[in-house]
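Hydrogens, waters and symmetry mates are skipped; everything else that's a heavy atom, side chains included, is used. The structure presented is a predicted model; accordingly, all values stated were derived computationally and were not measured. Numbers for residues simply follow the sequence, beginning at 1.
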Amino acid sequence: MTAPLLIIAAGGTGGHMFPAQALAEVMLARGWRVRLSTDARGARYTGGFPHQVDIQQVSSATFARGGVIAKLLVAPRIALGILGATWRMLRDRPAAVVGFGGYPSIPALGAATLLRLPRMIHEQNGVLGRVNELFASRVDAIACGTWPTALPDGLEGVHVGNPVRGAILERAGAGYIPPGDYPMDVLVMGGSQGARILSDVVPPALAGLPMNMLRNIRVSHQARDEDAKRVIAYYAENGIDAEVQPFFDDVPRRMSEAQLVITRAGASTIADMSVIGRPSILIPLAAAIRDEQTANGRGLVDANAAVMIPESQLSPDFLTTHIHAILDQPDAALQMSLAAMSVGKPEAAEALAQMVETLAEKGTRK
C-alpha cells in the first residue's frame, strides 16, 4: 500500500519554512510521503529539510515588490501556478494539503480548494498573514502558532504552537549558564536576513557597556550583506569579539550557548527561544502592517522572559541600559530563561501532525 502524501505549501522566508520543515520531519517519521511546494526564494531554505522530501518549485509572485508591469503579471503567474498544482494533485491525490502562508502557498491551497481536498493552514503569527487570511474561510481547519491569534468572526483556531525543527528540539531546555565574570555569548538576529536597525543600534549599545562586562562578551551578529562591513569594523574598532554573518546555519547551537538574545519578534524565533529557554530583548518590526511581531512577543513579555522595545523608543543608550540590567543580574537572567521555557511548546510539531492525520482520515470517510 502506498504511503499517504502530504503537500506542504510555504512561502520564501524562514518564518514560514522552519515550521514547515518541522512538520515534514514528523510526518516522515509517521510513515508519510512529503512534498514541499515553494518558490525560488523558499528553495533557499530547504538545505535543512530531510532528503526524502520532494521539493517542487511553483510559479508564484507577490504584489509587494516590483514595478507596474511586474504587478500586472502577478495574477497570471498565480493562475498558472494554481493550474499546474491542480493537474499534479489530480494525478497524485494527496491525502492532505497544509499551507504555512506566503504567496508561494497560493497555488497548492488554491488547487486543493478547487478539488475539495482535505486542507488546512497554520498561522505562525498572532495576526493572520494576507494569504492565510484569504484562505481562512476556505479550509477545513486553522492551526495557530501564537495564542491568541486574531481570526475573522465566526472562525475558530486550534492552538498547537509553532513547530520547531529537530535541531532545536535536541537542545530543548538546554542548561542555562547565568551571566557572570567569564565569557558570555550574545546572539543578535534580525530575521532570516538580518535587520538594518539592529546593525545600527546594537553595536554601539554593546560598546556602551562597562569595560569589566564588555571584555567578557562574544557576539554572534546576523547582518545583511550590505551592512556587514561597517558592523564588523565597528566591533573591531571597539575591541568587541564578534562574528558577523548574513545567515547562521547553526542558530540552535548559538542560541543554546547564549546568555542573551537580541532579536526581532518573528514567530519562529520566539518559538525557538521558548523551547530552548533564553532571556531576550525583542525589537518588533515597526513596518509590519498588522503589527504581528508585537503580538508574537507578548507571551514572553507577560511571562517576564523578555523585554520588548518598540522601534520608536530604540536608541543605543536605552538598549545599553536593558542589556546591562540582564547581564548584571545572573539570578534574574536565570529566572527569565526558566520563564521562557514555561511558555514553550516543544510538542507543537506532533500536535500539528495529529491534526493533519485527523483531517486526512475525515477526508477518506467522505
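Side chain to side chain, Q354 and E350 fail the donor-acceptor criterion of an N or O pair below 3.5 Å.
Taking D250 as the reference, R253, R254 meet the side-chain hydrogen bond (donor to acceptor under 3.5 Å, both in side chains) condition, with sequence neighbours excluded. Annotation: side-chain contact (heavy atoms from CB on, under 4.5 Å) contacts of A306 (sequence neighbours excluded): S280, L282, L300, V301. Residues satisfying the side-chain contact (heavy atoms from CB on, under 4.5 Å) criterion with A236, sequence neighbours excluded, are absent altogether. Residues meeting the side-chain contact (heavy atoms from CB on, under 4.5 Å) test with D200, sequence neighbours left out: R196, R230. Every residue meeting the side-chain hydrogen bond (donor to acceptor under 3.5 Å, both in side chains) condition with Q56, not counting sequence neighbours, appears here in chain and number order: R88. Take I197 and apply the side-chain contact (heavy atoms from CB on, under 4.5 Å) test, not counting sequence neighbours, and it matches V201, R264, E311, L314.
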If you look only at distance, which donor and acceptor atoms sit under 3.5 Å apart when one is on a side chain in residues 320-328 and the other is two or more places apart or in another chain?
| unit_1 | atom_1 | unit_2 | atom_2 | d |
| --- | --- | --- | --- | --- |
| T320 | OG1 | A205 | O | 2.7 |
| T320 | OG1 | P316 | O | 2.8 |
| T321 | OG1 | D317 | O | 3.1 |

Output a table of donor-acceptor pairs, distance under 3.5 Å, between side-chain atoms of residues 150-175 and any protein atom two or more places apart or on a different chain; print 'none' if there are none.
| unit_1 | atom_1 | unit_2 | atom_2 | d |
| --- | --- | --- | --- | --- |
| N162 | ND2 | Q124 | O | 3.1 |
| R165 | NH2 | D272 | OD2 | 3.4 |
| R171 | NH1 | S256 | OG | 3.0 |

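The distance between the ring centers of H122 and F100 falls below 6.0 angstrom.
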Practice task
Take E257 and I276 through the side chain to side chain contact (heavy atoms under 4.5 Å, CB included) test and state the conclusion after the steps.
Solution key: CA-CA 10 Å; E257 294 176 355; I276 292 176; over 6 Å; no
Exercise for the section: Given side chain to side chain contact (heavy atoms under 4.5 Å, CB included), test V219 with E243 step by step and report yes or no. Expected result: CA-CA 6 Å; V219 182; E243 182 178 354; over 6 Å; no
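Among residues at least two apart or in separate chains, salt bridge (Lys or Arg N to Asp or Glu O under 4.0 Å) pairs with a member in residues 335-346 are K345-E347. Applying the side chain to side chain donor-acceptor pair (under 3.5 Å) test to pairs two or more places apart or on separate chains, those with a residue in residues 288-308 are N125-N296, E133-R290, D291-T294.
Chaining together hydrophobic side chains whose heavy atoms lie under 4.5 Å apart places Y182 alongside I177. Cluster partners of V127, using a side-chain heavy-atom cutoff of under 4.5 Å among ILVMFWY residues and allowing indirect links: none.
A donor-acceptor pair is defined here as one N or O able to donate and one able to accept, closer than 3.5 Å; no such pair exists between the side chain of R218 and the backbone of D185. Put simply, the side chain of S337 never gets that close to the backbone of P279: no donor and acceptor are under 3.5 Å apart. A donor-acceptor contact shorter than 3.5 Å is absent between the side chain of T269 and the backbone of A265. Side-chain N or O atoms of R119 include one that pairs as donor or acceptor with a backbone N or O of R138 at under 3.5 Å.
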